[in-house]
Protein chains: 2
Amino acid sequence: MVPVTAPTRTRLAPEQRRTQLLDLGVRLLATRSLDELSIDVLAEEAGISRGLLYHYFGGKHAFHEAVVRHAADDLIAQTAPPEGGEPLERLLASVTAYVDYVVANHAGYQSLVKAAASGNDVLREIYEDARSALTGRIFTEDPWGDLIPDTPVNRLVVRGWSAMVEELVLAWVADPADVPRDRLLELVAGSLPALVESAGS
Amino acid sequence: MVPVTAPTRTRLAPEQRRTQLLDLGVRLLATRSLDELSIDVLAEEAGISRGLLYHYFGGKHAFHEAVVRHAADDLIAQTAPPEGGEPLERLLASVTAYVDYVVANHAGYQSLVKAAASGNDVLREIYEDARSALTGRIFTEDPWGDLIPDTPVNRLVVRGWSAMVEELVLAWVADPADVPRDRLLELVAGSLPALVESAGS
DNA sequence: TGCCACTATTGAACGAGCGTCAATAGGATG
DNA sequence: CATCCTATTGACGCTCGTTCAATAGTGGCA
């Protein structure tokens, strides 16, 4: 009985193997949760043995952390804010980049969001940091002059707004229904000024 | 060596045991995730054997579902909307009931929210149904006459708004900081009209 | 070209924890 | 007080995460 697929052991450079496993992890953890993902399945999918995962990441949970960091870094890197322009245009550009990223990589984004709610404090912190990286500039770079002063209430408002944006985009991606992309974009971008206005200081 | 605590086997009526286990489950699953909660810990905490949990719920995941349903039903029951009054006042009353519920039972609410993101489709559906039960009346009971027509865009807006409210309240409960409760309430209640207005149609 | 050291990779063995089932004991009823 | 009903138990099997010594690619050096 000769094996159909050659059991050839392929040897990669550590860097390549690591990113291969991380990318695979991002894809697999987008739909399944961590305890629904067995090491055996992951190993077989990657074409490696179980032991190798432990060599690179030291454990299942540590692997999950690495995957989430990978997704978070990718998100932050690919949604860098534009340099100049009008405040409202910059906001719209940021939001557009964010929406397009979620549309293009919603596997990665899903695995990031899942991790935030489903798990230990380390994962939640990674998620919080990523969100802060995206929203923090609203205050630090002060895109609207002094239209949105840095008060406790406005901190809450921006935090709530970002949760809303996430929900809207994920819902829209899952089912674009009758709402065109541009409509979503102006909806999302226009809501922040409206909310700040409604909060009043 | 005599056991310190008597190993007396206490026999309860099925209904009592069931609710005892569900309440305990709600409390324990508020902070830990499901795979961080071992049957042994749960059993010892409840003063029962592992086997009994399987007798009542049939399995760990089934138990989780029951716990989440328990929390969701409790939420829906305790935030029933008021009967009459002005639309805006009814909205404020609903929001107040919701906020007060989360403040009073945020263990239960946390376990509900955690379940939504962290798991299988059944859990997410329970969560979605609960959210729909809370927000659906906005359309069906038409609290603002025709100020908020039932369009695809407004469905999205209300969905996003509810995500925002959840985030705001949880963040505020975790750290009330310098924002008084009434300020939060008017913030949350006032944001929906503002969002609908900003969405325009 | 051929050996050698280095290290990426493996697979078997161990333990923890979930799930099953026949046996046990509380308590109400006559 | 005896007996039946059923809530409750505890030991067993099995899957799956984790460990570690052994194995086999690969690049460098003679």
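Quick note on labels: first sequence line is chain A, next is B, and so on, each numbered from 1.
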Which whole-number value in Å describes the distance from [X] [atom1] to [N] [atom2]?
X	N	atom1	atom2	result
A/I39	C/dT10	CD1	P	14 Å
A/L21	C/dA8	CG	C1'	12 Å
A/D35	D/dT15	CG	C1'	14 Å
B/L34	C/dG17	CG	P	14 Å
B/H61	C/dG17	NE2	C1'	12 Å
A/D40	C/dG11	CG	P	12 Å
B/E36	C/dC18	CD	P	12 Å
A/Q16	D/dG25	CD	P	17 Å

Inset, instruction - State the NE2-OG1 distance between A/H70 and A/T19, to the nearest 0.5 angstrom. - result: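 Those atoms lie 7.0 Å apart.
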Inset, instruction - Please check if the side chain of B/W161 supplies one atom and the backbone of B/L195 the other of a donor-acceptor pair under 3.5 Å. - result: no
Inset, instruction - Show your reasoning for whether side-chain contact (heavy atoms from CB on, under 4.5 Å) applies to B/N105 and B/L75. - result: CA-CA 9 Å; B/N105 299 35; B/L75 167 65; over 6 Å; no
Quiz: residues 42-69 of chain B side-chain donor-acceptor pairs under 3.5 angstrom, not counting sequence neighbours:
unit_1, atom_1, unit_2, atom_2, d
B/R50, NH1, B/D40, OD2, 2.7
B/K60, NZ, B/L34, O, 3.0
B/K60, NZ, B/L37, O, 2.9

Inset, instruction - Decide yes or no on side-chain contact (heavy atoms from CB on, under 4.5 Å) for A/R17 and A/T10, but give the supporting numbers first. - result: CA-CA 10 Å; A/R17 189 51 21 113; A/T10 52; 3.8 Å; yes
Filtered N/O pairs between nucleotides 7-10 of chain D and protein, under 3.5 Å:
unit_1, atom_1, unit_2, atom_2, d
D/dA7, O4', B/R11, NH2, 3.4
D/dA7, O3', B/L12, O, 3.3
D/dT8, OP1, B/T10, O, 3.2
D/dT8, OP1, B/L12, N, 2.7
D/dT8, OP1, B/R17, NH1, 2.7
D/dT8, OP2, B/Y56, OH, 3.0
D/dT9, OP2, B/S49, N, 2.8
D/dT9, OP2, B/S49, OG, 3.1
D/dT9, O5', B/S49, OG, 3.4
D/dT9, O4', B/R9, NH2, 3.2

Legend entry - B/V41 side chain reached by B/R32 side chain, heavy atoms, under 4.5 Å: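 No. Closest side-chain heavy atoms not under 4.5 Å.
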Inset, instruction - Compare side-chain N and O positions of A/Y54 against OP1 and OP2 of D/dT19 and report whether any pair is under 4.0 Å apart. - result: no
